Amino acid sequence: MPVAADAAQAGETEGELYRHRSARPTGSKKGKTPPKSRTLPAADAVAQSLAALDWLRGRGARQIYFKYCSTFDSTGRGNIGPVADALLDALGESFTVACPAFPENGRTIYNGHLFVGAALLSDSPMRHHPLTPMTDANLVRVLERQSRRKVGLTRHGVVRRGAGAIRADFRRLRAEGCGYAVVDALADEDLLAIGAACAELRLVTAGSGIALGLPQNFYAAGLMQPRGDAAALPEVGGKPAVLAGSCSAATRAQVAAMAVRHPAVKLDPLAGADAGELAARALAAMAAPLERGDPFLIYSSTEPDQVREVQRRLGLERAAALVEETLARIAHELVGRGVRRLVVAGGETSGAVVSALGVRALAIGPPIDPGVPRTLALGEPRVALALKSGNFGAPDFFDKALAMLP
Ligand code: ADP
C-alpha cells in the first residue's frame with residue numbers, strides 16, 4: 001500500500017497529524033481498514049493501491065512511497081510489479097527504484113541479489129513461506145517477471161560513490177529504457193545516499209530502509225522540521241496478550257521461548273472446527289491468565305512440513321483464511337475483555353488483526369527491535385500494538401515487547 005512520504009508537514013500539531021492519519025482512504029469498505037495488498041489477487045491489489053494513491057494525492061502528497069517486505073515477498077504474478085507499474089502509470093512517471101534492503105536486519109542487496117544474513121534469499125527460510133515462497137534471489141529477474149517494464153541494476157560500486165553517482169546511473173538506466181533500477185545496498189550509509197538520490201522521484205518503491213534517507217530531502221527543501229518528540233506515545237496500561245500467525249523461523253523461535261515461560265495454546269486448523277469454534281476453544285484455554293491479567297500466547301505458528309500438510313488438506317487460501325480469521329476473532333474478543341497491550345507476529349496476521357479491531361490509524365513510537373516499533377491504535381479503545389513482521393526480532397521478542405509497550 002502506498003504511503004505519503006511527506007505527511008508530517010512542518011508546523012502541524014499532533015492532533016492535526018492524527019486527524020490526517022485517521023481519515024480513511026477512498027475505496028475502502030465502511031468500517032473496515034483497506035485490505036493488505038501483498039497477497040490479494042493482483043488486480044485487487046492494484047485497485048486498492050490506486051485508491052490509496054488518489055487519496056494521498058488529493059491531500060497534496062508530493063512523493064509516494066510504495067513499501068513492501070524486506071524479503072520482496074511476492075509471487076510470479078505479483079503483486080510488487082503490477083502495483084508499481086500501475087502507480088507509475090497513474091503518476092505519469094516512467095522510472096523508479098526497487099530496493100528492499102534493510103541492512104540492520106540482515107537484508108542486503110549485492111549485484112542485484114537479495115541476501116538474508118549470509119544466505120541468498122532463495123536459500124533462506126523464505127523459500128518455505130506459506131503464501132509467498134521466495135525461490136529466486138535475483139531481484140532484477142524477479143521484478144522483470146512481474147512487470148511490464150525493463151529492469152536495470154545500479155551496482156554497489158556506484159552506490160558507494162554517493163548520491164550524485166547514483167543519480168547519474170539512474171539517467172543511464174532511463175536512457176536504456178529501464179522503468180526500474182534495482183539498487184544494491186549493504187549498509188545504512190548506502191540507504192542514506194540512495195534516499196538523497198531519490199529526492200526528485202515522485203514514486204519510490206522499497207522496503208522501509210530507504211525511508212532512512214528521505215527526511216533529509218524534506219528538511220533541505222524546507223518542507224519539514226525535525227521534531228524530537230515525534231515518537232512519544234502516551235501510557236495505555238491494561239492486560240497483555242501475544243498472537244502469532246507467522247510460520248517464519250524467527251517467530252517459531254519466539255513462540256518456543258515464550259511457551260516455556262507463559263501459558264500458551266496452539267491452534268489446530270485441521271481440528272475440523274470453523275474460525276468461531278477454534279477461537280472459542282483457544283480463549284477458553286487461556287481464560288485463567290486472561291482473567292488474572294498475566295501474559296499468554298495463542299499461536300498457529302508451525303513447521304514448514306506441517307503448513308504444507310494443512311494446505312494440502314484445506315487448500316492454501318482456505319488454510320490462510322481460517323487461521324487469519326481465527327486470530328482476528330480472538331484479537332477482537334481479547335480487546336473486548338480488557339486486553340490493551342497486544343503483540344502480533346506475522347504481516348498478514350497483523351493485517352487481519354487490525355482490520356478486526358477496526359484500527360484506521362496508528363501512531364508510531366520508538367523501536368522494540370529493528371523494524372518493529374511500538375504503536376498505538378488511535379480511536380476507542382486505545383490499544384498499544386507491536387505488529388511484527390514474521391522474520392524480525394530476537395528470540396525474547398514477545399516478553400521484551402510486552403515490557404516495552406506503553
Ligand atoms: P510472515 O510475516 O511470517 O510472512 P504472515 O502472517 O504474513 O507471516 O503469513 C503467515 C501465513 O501463514 C498466514 O496467511 C497464516 O494464515 C498462515 N498460517 C499460519 N499458521 C498456519 C498453519 N498452522 N497452517 C497453515 N497456514 C498457516
Side-chain angles (χ1 to χ4, degrees), residues 1 35-41 45 67-75 79-80 100 102 105-107 116 121 124-135 207-208 242-256 259 264-275 278-279 281-282 297-331 342-356 369-372 385-393 395 397-398 401:
M1 238 3 118
K36 51 238 189 283
S37 62
R38 178 173 64 163
T39 54
L40 288 172
K67 190 267 171 196
Y68 38 70
C69 292
S70 62
T71 38
F72 214 68
D73 298 12
S74 52
T75 68
N79 289 338
I80 295 173
F102 191 164
N105 265 336
R107 279 71 163 145
V116 176
L121 174 69
S124 80
M126 276 305 295
R127 70 189 187 283
H128 297 306
H129 191 276
L131 305 175
T132 51
M134 298 304 290
T135 54
S208 54
V242 180
L243 300 178
S246 162
C247 298
S248 297
T251 298
R252 283 186 276 124
Q254 290 154 356
V255 164
V265 61
K266 184 173 181 175
L267 301 173
D268 178 7
L270 295 178
D274 64 14
L278 280 178
R281 285 182 205 169
L297 165 69
I298 300 178
Y299 66 101
S300 67
S301 318
T302 196
E303 306 298 315
D305 55 350
Q306 183 61 28
V307 173
R308 275 192 291 274
E309 176 61 12
V310 173
Q311 291 179 337
R312 192 185 65 75
R313 305 253 299 265
L314 300 182
L316 186 149
E317 280 176 20
R318 239 183 89 211
L322 176 62
V323 173
E324 287 171 32
E325 195 189 328
T326 303
L327 288 166
R329 280 170 181 254
I330 291 171
L342 187 59
V343 180
V344 186
E348 298 298 315
T349 308
S350 296
V353 166
V354 296
S355 290
D369 269 346
V372 197
L385 294 169
L387 305 173
K388 189 192 77 78
S389 165
N391 257 324
F392 285 2
F397 178 84
F398 293 152

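Order of listing sets the numbers, starting from 1, for every ligand and every atom in it. Fair warning: this is a prediction, and the values are worked out from it, not measured in the lab.
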Quick one, Leu131 and Leu316 - any side-chain contact, counting heavy atoms below 4.5 Å?
yes

Ligand-side contact atoms (ligand 1) for residue partner Pro130, heavy atom cut-off under 4.0 Å
12 (O)

Which of the numbered atoms in ligand 1 are below 4.0 angstrom from a heavy atom of Gly347?
1 (P), 2 (O), 5 (P), 6 (O), 7 (O), 8 (O)

For side-chain contact (heavy atoms from CB on, under 4.5 Å), just list the numbers for Glu348 and Thr39, CA-CA rounded to whole Å, side-chain angles, deciding distance to a tenth of an Å, and then say yes or no.
CA-CA 8 Å; Glu348 298 298 315; Thr39 54; 3.0 Å; yes

Decide yes or no for Thr251 and Phe392: does some side-chain heavy atom of the first lie under 4.5 Å from some side-chain heavy atom of the second?
no

Flag side-chain contact, heavy atom, 4.5 Å: Met134 against Phe72
yes

Only heavy atoms of Ser248, strictly under 4.0 Å: list the atoms of ligand 1 that pass.
1 (P), 3 (O)

Of the side chain and backbone of Gln306, name the one, both, or neither that has a heavy atom under 4.0 Å from an atom of ligand 1.
neither

Does any non-hydrogen side-chain atom of Val354 lie less than 4.5 Å from one of Leu387?
yes

Under 4.0 Å from one or more heavy atoms of Leu131, ligand 1 contributes atoms 14 (O)

Contact partition for Arg38 relative to ligand 1, non-hydrogen atoms under 4.0 Å
side chain

Just jot down the ligand 1 atoms closer than 4.0 angstrom to any heavy atom of Gly390, in number order.
1 (P), 2 (O), 3 (O)

Nearest neighbour of atom 6 (O) of ligand 1 from the list Thr349, Thr251, Val353, Leu387, on a heavy-atom basis
Thr349

Note: ligand 1 atoms sitting under 4.0 Å from heavy atoms of Val310 are 24 (N), 25 (C)

Going by atom type alone, with no hydrogens or angles, which donor-acceptor pairs under 3.5 Å involve a side-chain atom of residues 307-315 and a protein atom two or more places apart or on another chain?
from   : atom 1 : to     : atom 2 : distance (Å)
Glu309 : OE1    : Arg312 : NE     : 3.3
Glu309 : OE2    : Arg312 : NH2    : 3.1
Glu309 : OE2    : Arg313 : NH1    : 3.2
Gln311 : NE2    : Pro130 : O      : 3.0

Any idea which protein heavy atom is nearest atom 26 (N) of ligand 1, and the distance to it?
Val307 CG1, 4.2 Å

Heavy atom to atom 8 (O) of ligand 1, shortest distance: which of Pro269, Cys69, Ala319, Gly346 holds it?
Gly346

I'd like to know whether ligand 1 has Lys388 as a neighbour, heavy-atom separation below 4.0 Å.
no

Non-hydrogen side-chain atoms of Asn79 and Tyr68 separated by less than 4.5 Å:
no

Compare Met126, Lys266, His129 and give the one whose heavy atom is closest to atom 4 (O) of ligand 1.
His129

Salt bridge (Lys or Arg N to Asp or Glu O under 4.0 Å) partners for Arg252, two or more places apart
Glu303

Just wondering, do Ile330 and Leu243 contact through their side chains at under 4.5 Å, heavy atoms?
yes

Does Glu324 have a heavy atom less than 4.0 Å from any atom of ligand 1?
yes

Kindly indicate whether the side chain of Ser208, heavy atoms from C-beta on, has any atom under 4.5 Å from the side chain of Lys67.
yes

Give the numbers and elements of all ligand 1 atoms closer than 4.0 Å to a heavy atom of Thr302.
23 (N)

List the closest protein heavy-atom neighbour of atom 15 (C) of ligand 1: residue, atom name, distance to the nearest 0.1 Å.
Gly245 O, 3.7 Å

